[in-house]
Number of protein chains: 2
Amino acid sequence: MRILLVEDDAVLGMAVRDQIVADGHSVDWAQRIADAGDAVLAAAYDLILLDLMLPDGRGLDFLKARRVAGDVTPVIILTARDQISDRIAGLNAGADDYLVKPFDLFELSARIRAVGRRYGGNPNPLVRIGDLDIDLAARTLRRAGKPVRLTAREWALFEAFVQRPNVLLSKAQIEEHLYSFSDEIESNTIEVYVGRLRKKLGPDVIETVRGLGYRLGVPVGAG
Amino acid sequence: MRILLVEDDAVLGMAVRDQIVADGHSVDWAQRIADAGDAVLAAAYDLILLDLMLPDGRGLDFLKARRVAGDVTPVIILTARDQISDRIAGLNAGADDYLVKPFDLFELSARIRAVGRRYGGNPNPLVRIGDLDIDLAARTLRRAGKPVRLTAREWALFEAFVQRPNVLLSKAQIEEHLYSFSDEIESNTIEVYVGRLRKKLGPDVIETVRGLGYRLGVPVGAG
DNA sequence: ACCCACCGTTCAGGTTGCCGTCAGATGGAC
DNA sequence: GTCCATCTGACGGCAACCTGAACGGTGGGT
């Protein structure tokens with residue numbers, strides 16, 4: 001899925017872009033409305049992420065203009081919490097969904113999938129790994145058909161692995177995923193949580209690479 | 001989507017109708033409440049646009065009567081009176097959304113889509129979960145065969161869960177479902193209502209996932 | 001006009017269970 | 001065997017959650 005990100009906050013933009021790419025989408029980043037205003041360009045995308053922090057409500061004008069021009073590319077609005085009126089105005093202007101900053105990157109993934117599903121007919125966010133059935137959007141997980149309950153942190157960690165199967169993740173990367181912009185940790189918390197996940201998911205799901213990190217192992221043959 | 005427009009302002013009615021048709025919906029236009037009062041007629045529509053400019057608050061009476069009669073067709077209220085009391089009265093009477101005239105026609109389209117989204121994708125309104133028999137369309141509920149009576153808010157909350165069984169809903173999502181276009185809330189209202197639902201439906205129906213939200217758990221085995 | 005029942009919301013206080021941490025055990029690399 | 005990274009069981013603190021109660025508003029009944 002090709003995504004156009006219209007943003008003027010560089011830091012948030014990077015985080016968002018990283019998450020989108022991690023979900024397997026491609027993304028272009030338009031720092032200025034003028035860039036995105038090119039209808040021919042924008043029409044080539046499957047989804048537009050629009051930041052309403054842009055000055056003078058030009059984001060909304062952009063959105064309305066696109067709708068008037070008949071462009072029906074789905075649009076998700078990103079907006080600050082204290083600008084509820086903007087958000088409503090955005091929906092009224094034809095946005096398909098919105099997210100309030102600061103938002104969970106997981107929630108962004110869910111919304112993108114939802115919009116994509118609504119318009120593209122991509123049905124299943126379901127992942128199957130071994131005897132595990134995973135629905136990241138619904139946060140449901142079954143092991144051999146039997147429901148498994150994960151806590152918030154366990155979900156966050158598991159999510160990091162599921163998004164990058166077969167990729168080796170260093171502890172630093174995992175740490176960043178769990179505690180992206182807030183406090184750091186100072187102990188073996190990640191080891192503890194990997195252990196807890198193994199207890200719930202089975203011992204062979206997460207592989208330890210001594211000295212480097214961890215990796216989610218996907219069986220090569222038939223699952 | 002078939003839409004019934006209950007209106008007495010001819011000019012606005014035409015504009016609205018044009019916009020709706022432009023959105024790909026079909027619309028009928030009832031100029032008098034008496035016309036729409038025919039429940040058999042109204043029940044055939046997917047959405048009702050109700051103008052509260054109708055004299056003597058008969059629009060609200062109409063709305064209430066329909067709800068009492070068990071008709072749950074989504075209703076969007078159009079009104080020029082921006083008095084809060086009217087708005088609250090309308091929502092209390094069972095309206096799903098609210099628009100103050102004069103409104104942007106894009107706004108109307110957005111609301112129509114939102115309401116349609118909320119009620120769409122529910123071909124079979126009859127649901128059985130555990131010992132609960134649920135009819136979302138009729139808003140009737142039985143627990144072990146015995147009728148259970150829910151208030152409006154309780155229904156709204158329960159509906160959010162039933163529409164997405166086994167899916168974890170964050171408090172933000174639930175809030176959005178309950179208070180989509182009106183003001184947000186500032187306390188533990190959702191927790192209180194979850195508690196009330198559990199008291200009426202049984203303690204195991206709604207599962208708490210600490211830090212993430214709630215989930216309606218459907219038994220895996222025989223339901 | 002008055003009273004009463006009910007609903008939605010808020011608040012305060014009690015309770016729970018997750019999170020992060022630590023210490024000791026385990027096991028691979030050399 | 002030694003070193004060191006990782007594993008594991010256990011624990012305290014605290015935020016998230018639950019619950020009973022109260023309050024204002026609305027509507028129905030008399």
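Residue numbers start from 1 in every chain, and the chains themselves are labelled A, B, ... in the order their sequence lines are given, proteins ahead of strands.
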Please tell me which of the listed nucleotides, [options], lies nearest to the side chain of [X]?
X	options	answer
Glu191(A)	dT9(C), dT6(D), dC17(D)	dT6(D)
Lys171(A)	dG20(C), dT9(C), dT6(D)	dT6(D)
Arg210(B)	dA15(D), dG27(C), dG20(C)	dA15(D)

Quick check on DNA chain C: between Thr189(A) and Arg149(B), whose nearest nucleotide comes earlier from the 5' end?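 Closer to the 5' end of DNA chain C: Arg149(B).
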Considering residues, nucleotides and ligands other than Arg164(B), do more than 12 of their heavy atoms fall under 6.0 Å from its CZ?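 No, the 6.0 Å shell around CZ holds no more than 12 heavy atoms from other groups.
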Of the options Arg196(B), Arg198(B), Glu191(B), which is the one that meets Val194(B) in a side-chain contact (heavy atoms from CB on, under 4.5 Å)?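 Single side-chain contact (heavy atoms from CB on, under 4.5 Å) partner of Val194(B) among Arg196(B), Arg198(B), Glu191(B): Arg198(B).
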For [X] and [N], is the shortest distance between a side-chain N/O and OP1 or OP2 below 4.0 Å?
X	N	result
Lys199(B)	dG20(D)	yes
Thr208(A)	dA5(D)	no
Arg153(A)	dC18(C)	no
Tyr214(B)	dC18(D)	yes
Tyr193(B)	dC7(C)	no
Ser187(B)	dT9(C)	no

I'd like to know if the side chain of Glu175(B) reaches the main chain of Ala172(B), judged simply by a donor and an acceptor atom lying under 3.5 Å from each other, with no hydrogens or angles considered.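 No; zero donor-acceptor contacts below 3.5 Å.
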Gap between atoms [atom1] and [atom2], on [X] and [N] respectively (whole Å):
X	N	atom1	atom2	result
Glu175(A)	dG20(C)	CD	C1'	12 Å
Tyr179(A)	dC18(C)	OH	P	15 Å
Ile190(B)	dT10(C)	CD1	P	11 Å
Ile206(B)	dC17(D)	CD1	P	14 Å
Leu212(B)	dA16(D)	CG	P	12 Å
Leu169(B)	dC17(D)	CG	P	14 Å
Asn188(A)	dC22(C)	CG	P	9 Å
Trp155(A)	dC19(C)	CH2	C1'	18 Å

Minimum heavy-atom distance Val148(B)-Arg143(B), with the two atoms named: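 Smallest heavy-atom distance, with atoms named: CG2-CB, 3.6 Å.
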If I compare all heavy atoms of Val167(B) with all of Ala138(A), which pair ends up nearest, and what's the gap?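 The pair with the smallest heavy-atom distance is CG2-CB, 3.6 Å.
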Looking at every strand, decide which applies to Thr151(B) at a 4.0 Å heavy-atom threshold: base, sugar-phosphate, or nothing.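 Sugar-phosphate, no base atom in range.
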Looking at every strand, decide which applies to Val194(A) at a 4.0 Å heavy-atom threshold: base, sugar-phosphate, or nothing.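 Result for Val194(A) = nothing.
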Any N or O donor-acceptor pair under 3.5 Å from the base of dG20(C) to the side chain of Arg196(A)?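 Per atom types, the contact qualifies.
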Are Leu212(B) and Arg139(A) side-chain neighbours, meaning at least one heavy-atom pair lies under 4.5 Å?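 With C-beta onward as the side chain, the pair touches.
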